[in-house]
Amino acid sequence: MRSYRIFSHLAKVLQHNSVKTSTLVGRVQIGWPLISLPVTLSFDGVEGKWGQRLKSYLQKPIQAFVPGPIMGDTSENTSKLDSQTASNQAPVSQGDSKPTERMQTLQEHLTQRTDEHNEEQSRQNTQEPSEASAACSSGQPNTKVQKTDPQDRDGASSEQPHKTHLFVEVADHQWPIVYSTEYNIGFLGMEKLHPFDSGKWGKVFQFLREEGMLSEATIVRPLEATEADLLVVHSSSYINSLRWSITVAGITEVPPVALLPNFVVQKKVLKPLRTQTGGTILAAKLAMERGWAINVGGGFHHCSSDRGGGFCAYADITLSIKFLLELGLIKKAMIVDLDAHQGNGHARDFMDMMDKVYIMDVYNRNIYPHDGFAKRGIRRKVELDFFTGDEEYLDKVYNHLKKALEEFEPDIIVYNAGTDCLEGDPLGALSITAEGIKNRDQIVFEFAKKERDKPIPVLMVTSGGYQRNNARIIADSILNLRQKGLIGCQAAEEHQAKRKKKTGSSGSPSSPESATTPSSGASSPTSPTSGEPRRGLLDWFKR
């Protein structure tokens, strides 16, 4: 059965000098909901029986779908549409009574819904602040986050509170390490068309479980970010654009995705990315509570509020910082982006907030994304050449991070720990060894934990990495941080030890044997570029 439905996003009926002019912008769905085409229908001075029938047919759905404000629009914008439409009306001849009646009905709907929306908004505004302030004063986490619609960039956007479900309860015996099986992407082998290992997150967890550090009971499982959560940063127009498979195909750089029905793309591609985004937001709050947190996924640093790219569909780094700022948990944040690619997404998002968000970015200048505009948002820009090795790389990371922390005192460090700088990576084109990556991560955590009177909370996300051994290296680096005492959870260690004792497993997570095996991730007691013994990487660099 073929059906035609017009979902109206905006309707204007202008009548001028007795000449009927109508324009409708909307979306036409033909027969099957999967075939959906944007359409702009306009007609000028259509006369005759068929012209009147066409106008009548097109205008009827407008009244059927006008009952509330358009998603992302404020009551102010709805009122503007109402007043603008009314002001554009002109006297018409007596024969035009039906279009005039329809217009009056449209205006009545708009006025009625606008009044109801304003009443609801004023009632919420009188109730919410007291609850939020009470939660903050009592020291309890405030889960009511102010949602800012970024569609209006001129400061005219409305702020509407919404409750987020992302901040799940975390037991004391759970590591502040966030992971879900929903992270992994797979559909008919199509994920193999991109060099990105879309199952590396599950492999990281598996390696850490094999080493006795994690278990199903000690991992934190995140929830999927809802549309309301995403709208804290993203524009509604961008979220709506992801309902087109061809848009997602461009972002993920897998052209065949454009041929899939969008409900399949939503479930198999975007849902895992939304779950990872929810994981980053949750991990940010955990970092403030525990002093550190790791999201095994996330790090979508090419996505900004209104555009995606480079396999990044949601701006999880921007979202995590925005949530912390709006919850009042931080006033300033630092992003340390050590992925091989320029982090142009969060640089664009925080370009107007450089006094609150400091970005240090170390990247290969010769590769994607070449975003010159986004470079304006980077406070400390460290550009590398092809095949930069360990010695030069670690020296630059150390010196620039030291200077960055001298210039800026953040309340949290969001560490984008991409492993695409690993030698042999087809996209990163750098020459950092596996040991160099472990040392790099250790430098960041030592600066945050050991070099100051008050440690800085660290949120680590794993970001890019396009080789099959990336998961092993990420797991080894986390194990190395644990062995060095830079991360830890005593309750989780005790819980794991009791579990091993009950099951009769051999080899505790902190046994000397596990600390010295190559697979455990314990780095050898040498400096990153020589055979000298060391107490810590920062001590070696100081010497």
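In this chain, numbering begins with 1 at the start of the sequence shown. Just so you know, these numbers use all the heavy atoms, side chains as well, and skip hydrogens, waters and symmetry mates.
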- Message: Salt bridge check, Arg243 against Glu227: does any charged N sit closer than 4.0 Å to a carboxylate O?
- Response: yes
- Task: Decide, yes or no, whether a salt bridge links Glu407 with Lys403 under the criterion of side-chain N to carboxylate O below 4.0 Å.
- Result: no
- Please find out if less than 6.0 Å separates the ring center of His302 from that of Phe311. no
- Message: The criterion is side chain to side chain contact (heavy atoms under 4.5 Å, CB included); which residues satisfy it with Ala283, sequence neighbours excluded?
- Response: Val178, Ala293, Asn295, Leu459
- Salt bridge or not for Lys498 and Glu494, using N-O below 4.0 Å? no
- Sorted by chain and residue number, the ring pair (Phe, Tyr, Trp, His ring centres under 6.0 Å) partners of Tyr363 (sequence neighbours excluded) come out as none
- In this structure, are over 12 heavy atoms from other groups packed under 6.0 Å from Ile246 atom CD1? no
- When you check the gap from the basic side-chain N to the acidic O, do Arg209 and Glu216 get nearer than 4.0 Å? yes
- Of all pairs that satisfy salt bridge (Lys or Arg N to Asp or Glu O under 4.0 Å), the ones with a partner from residues 352-367, not counting sequence neighbours: Arg365-Glu383, Arg365-Asp385
- Query: Can you check whether Ser477 reaches Thr419 side chain to side chain, under 4.5 Å on heavy atoms?
  - Reply: no
- Message: For a 4.5 angstrom cut-off between non-hydrogen side-chain atoms, does Ser236 reach Leu231?
- Response: yes
- Item | Sidechain N-carboxylate O distance under 4.0 Å for Asp476, Arg472 | yes
- State plainly whether the residues Lys438 and Glu435 are in salt-bridge range, i.e. N to O under 4.0 Å. yes
- Message: I'd like to know whether Arg348 forms a salt bridge (charged side-chain N to carboxylate O under 4.0 Å, His left out) with Asp371, so could you lay out the CA-CA distance, the side-chain angles of the two residues, the decisive distance to 0.1 Å, and finally the verdict.
- Response: CA-CA 10 Å; Arg348 284 175 171 268; Asp371 193 337; 2.8 Å; yes
- Query: When you check the gap from the basic side-chain N to the acidic O, do Glu210 and Lys203 get nearer than 4.0 Å?
  - Reply: no
- Query: Quick one: salt bridge (Lys or Arg N to Asp or Glu O under 4.0 Å) pairs with a partner in residues 453-463, sequence neighbours left out?
  - Reply: none
- Using the salt bridge (Lys or Arg N to Asp or Glu O under 4.0 Å) rule, collect all pairs that involve residues 416-427, keeping only residues at least two apart or in two chains. none
- Item | Tyr179: partners by ring pair (Phe, Tyr, Trp, His ring centres under 6.0 Å), with sequence neighbours left out | Tyr183, Phe205
- Sequence neighbours excluded, which residues qualify as side-chain hydrogen bond (donor to acceptor under 3.5 Å, both in side chains) partners of Thr433? Asp390
- Heavy atoms, side chains only, cut-off 4.5 Å: are Ile317 and Phe300 in contact? no
- Can you sort out the partners of Tyr358 under ring pair (Phe, Tyr, Trp, His ring centres under 6.0 Å), two or more places apart, ordered by chain and number? Phe408
- Query: So, for Tyr398 and Phe447, is the gap between ring centers shorter than 6.0 Å?
  - Reply: yes
- Item | Residues which pass ring pair (Phe, Tyr, Trp, His ring centres under 6.0 Å) with His400, listed by chain and number, not counting sequence neighbours | none
- Message: Using the side chain to side chain contact (heavy atoms under 4.5 Å, CB included) criterion, which residues pair with His370? Sequence neighbours excluded.
- Response: none
- Task: With sequence neighbours excluded, tell me which residues meet side chain to side chain contact (heavy atoms under 4.5 Å, CB included) with Pro455.
- Result: Lys449
- Query: Which residues satisfy the side chain to side chain contact (heavy atoms under 4.5 Å, CB included) test with Thr218, sequence neighbours excluded?
  - Reply: His173, Trp175, Leu214, Ser215, His495, Gln496
